[in-house]
Amino acid sequence: MTEMDTAQAPKALIIHHLRTDPDDAATNAVAGAGFELDHRYPIEGDLLPSLDEGHALAVVHGSLADVTKHDEPGIAEEMRWIEQWWKTD
């Protein structure tokens, strides 16, 4: 991709729960479709982007955390972000 292509590429948020190699099938498919990847690790303290940053899609990788308890660091924030993002245009 050229610099110009990257500047115009839609952004994809990739939410990870484990610090692993981000070379997985979902990430590769999104990158292959021309998206600019924005990797975040909320469990490790990464902030999630504001909703006005214009992410066209989000990929949320699974984890060992029980997301229904919301007591895992970052999970409650992540669940709120997903709910708000889902409601946007």
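The analysis underlying the following values was restricted to heavy atoms, covering all of them including side chains, and did not include hydrogens, waters or symmetry mates.
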Checklist entry - Which heavy atom of Y41 sits nearest a heavy atom of D46, and at what distance? => result N-OD2, 2.7 Å
Item to check | Of I82, D38, V30, the residue whose pairing with L13 passes side-chain contact (heavy atoms from CB on, under 4.5 Å) | outcome: D38
Next on the checklist: For E78 versus L48, what's the shortest heavy-atom pair and its separation?
Outcome noted: CA-CD1, 3.5 Å
Checklist entry - NE2 of H61 to NE2 of H39: how many Å apart, nearest 0.5 Å? => result 8.0 Å
Checklist entry - Are I15 and W86 connected in a single hydrophobic cluster, I mean Ile/Leu/Val/Met/Phe/Trp/Tyr linked by side-chain heavy atoms less than 4.5 Å apart? => result yes
Checklist entry - Under 30°, 30 to 60°, or over 60°: which ring-plane class applies to H55 and W81, parallel, tilted or perpendicular? => result perpendicular
Item to check | Heavy atoms from other residues, nucleotides or ligands near CD of E53 exceed 12 (cutoff 6.0 Å) | outcome: yes
Checklist outcome for this item: Scanning both residues in full, the closest heavy-atom pair of A56 with P10 reads CB-CB, 4.0 Å
Item to check | CA sep, side-chain torsions, deciding dist, call: R40, I14, side chain to side chain contact (heavy atoms under 4.5 Å, CB included) | outcome: CA-CA 6 Å; R40 306 284 177 114; I14 312 295; over 6 Å; no
Checklist entry - What is the minimum heavy-atom distance between A9 and E36, and which atoms define it? => result CB-N, 4.1 Å
